[in-house]
Amino acid sequence: SPTTVRDIPITIVGQEELTDRGLMVIQLSEDSVDLRISGRKKTLMNLNRSNITLELDVSTITTEGEHTLSCRYDTVGSDSVSISDWDDLRVTVTVARQETKEIPVRGEFIGTEAENCLAGTVTTNPDTVEVTGPAETLEGISYALASVGGKEISSTLTETTSVVLMGEDGTPADRQNVTVSTETVEVTVPVRQ
């Protein structure tokens, strides 16, 4: 009788080809699948999610939208097992147009100056970063915010901090499926007395 192996993770392969076409995977209908497998009892007893691999090859996709593909499966070190229901291997992939754009980094000092000290113009290094992701999501991202401070400063402060991607309205933007060329920047707050 068939046995079910649950929550076998799916590995996506072939993403480089998609990137070359200006596309990217933004969603899978599921991240793991349950497989019903039949075979010799001894073999089935040894099967678990760590010795079954599932690969979803997306290299053949050439257009945006939803595509239903079947995973390739491999059972490590086991002879003659068969999949009871091939539908278990079917997964829907959502693909979107991928773009890269350059956005400015805005440094912000949120601390306080010591008495008789004046903070000057905040600078960042780098002063721009590249964001890569679904074209539609990138439209909602207008700059990267790098905030430092919180303490009283009396001399020039240089600190490495992580960036927050912001929308035009000054609230954090949706950054799902978005990667940034660098997640951290160096912020300098010049202080003169």
Side-chain angles (χ1 to χ4, degrees), residues 9-32 56 58-69 91-193:
I10 296 170
T11 304
I12 301 180
V13 294
Q15 299 209 72
E16 300 81 16
E17 286 88 337
L18 276 193
T19 305
D20 290 345
R21 295 181 194 119
L23 298 170
M24 68 184 295
V25 172
I26 57 168
Q27 205 183 343
L28 288 184
S29 52
E30 52 230 313
D31 297 322
S32 63
L56 190 67
V58 296
S59 63
T60 56
I61 297 175
T62 56
T63 55
E64 292 180 66
E66 292 191 351
H67 302 267
T68 300
L69 305 172
V91 176
T92 301
V93 188
T94 308
V95 168
R97 199 158 49 87
Q98 174 176 292
E99 281 186 1
T100 295
K101 77 172 183 179
E102 202 175 35
I103 56 170
V105 179
R106 284 189 202 165
E108 182 186 43
F109 173 58
I110 47 178
T112 54
E113 296 116 328
E115 213 174 329
N116 300 327
C117 291
L118 191 65
T121 306
V122 179
T123 57
T124 66
N125 181 23
D127 54 7
T128 62
V129 291
E130 278 188 353
V131 285
T132 301
E136 212 174 304
T137 310
L138 292 192
E139 280 171 22
I141 299 173
S142 60
Y143 65 97
L145 183 64
S147 305
V148 297
K151 51 188 181 290
E152 190 173 77
I153 59 170
S154 55
S155 60
T156 295
L157 169 78
T158 298
E159 210 173 280
T160 299
T161 184
S162 47
V163 294
V164 180
L165 301 182
M166 304 292 278
E168 258 169 49
D169 59 356
T171 61
D174 169 23
R175 61 163 299 178
Q176 205 179 340
N177 298 308
V178 173
T179 54
V180 187
S181 53
T182 172
E183 287 285 352
T184 59
V185 297
E186 200 178 66
V187 181
T188 300
V189 185
V191 172
R192 56 174 207 271
Q193 297 202 348

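Heavy atoms only: backbone and side chains are in, while hydrogens, waters and symmetry mates are out. Starting from 1, each residue takes its place in the sequence as its number.
For R192, the CZ atom is loosely surrounded, since the number of other residues' heavy atoms within 6.0 Å does not exceed 12. Applying the 6.0 Å contact sphere to CD of E136 captures no more than 12 heavy atoms from other residues, nucleotides or ligands.
Summarising the geometry of G149 relative to E159, their closest heavy-atom pair is N-OE2, 4.4 Å, with the distance given to 0.1 Å. Here the closest non-hydrogen pair linking I103 and Y143 is CD1-C, 3.7 Å. When all heavy atoms of T161 and S147 are compared, the pair lying nearest together is OG1-O, 3.3 Å. Listed here is the closest heavy atom pair of I141 and A173: CG1-CB, 3.7 Å. Between V191 and C117, the shortest heavy-atom contact is CG1-CB, 3.8 Å. Residues T182 and P126 come closest through the heavy atom pair CG2-CG, 4.1 Å.
Not one N or O on the side chain of T188 forms a donor-acceptor pair closer than 3.5 Å with the backbone of T123. Side-chain atoms of E130 never come within 3.5 Å of backbone atoms of S181 as a donor-acceptor pair (strictly under, hydrogens ignored). Looking only at distances, a side-chain donor or acceptor of S142 sits under 3.5 Å from a matching main-chain atom of E168. Between the R21 side chain and the I61 main chain, a donor and an acceptor come within less than 3.5 Å of each other.
The shortest distance between side-chain heavy atoms of H67 and V95 falls below 4.5 Å. No side-chain heavy atom of S29 sits less than 4.5 Å from a side-chain heavy atom of T94. Contact of the V93 side chain with the I12 side chain is not registered, since no non-hydrogen atoms from C-beta on lie closer than 4.5 Å. Looking at K101 and V131, their side chains come closer than 4.5 Å, going by heavy atoms from C-beta outward. Taking the side chain as every heavy atom from C-beta outward, V180 and L165 approach each other to under 4.5 Å.
The residues E108 and R106 are annotated as not salt-bridged, no charged nitrogen and carboxylate oxygen being separated by less than 4.0 angstrom.
Between the CZ atom in F109 and the CD1 atom in I153 there is a gap of 3.5 Å [rounded to 0.5 Å]. Taking CG of N177 as the reference point, atom OG1 of T132 lies at 12.0 Å (rounded to 0.5 Å). For the atom pair E102 CD and D127 CG, the distance stands at 8.5 Å (nearest 0.5 Å). Here the CD atom belonging to E16 is positioned 9.0 Å from the OG atom belonging to S59, to the nearest 0.5 angstrom. Atom CE of M24 is separated from atom OG1 of T179 by 7.0 Å, given to the nearest 0.5 angstrom.
Paired with V185 under the rule side chain to side chain contact (heavy atoms under 4.5 Å, CB included), one option of N125, V163, T160 passes, and it is V163. Checked against L138 for a side chain to side chain contact (heavy atoms under 4.5 Å, CB included), the options E99, Q98, R97 give a single hit: E99.
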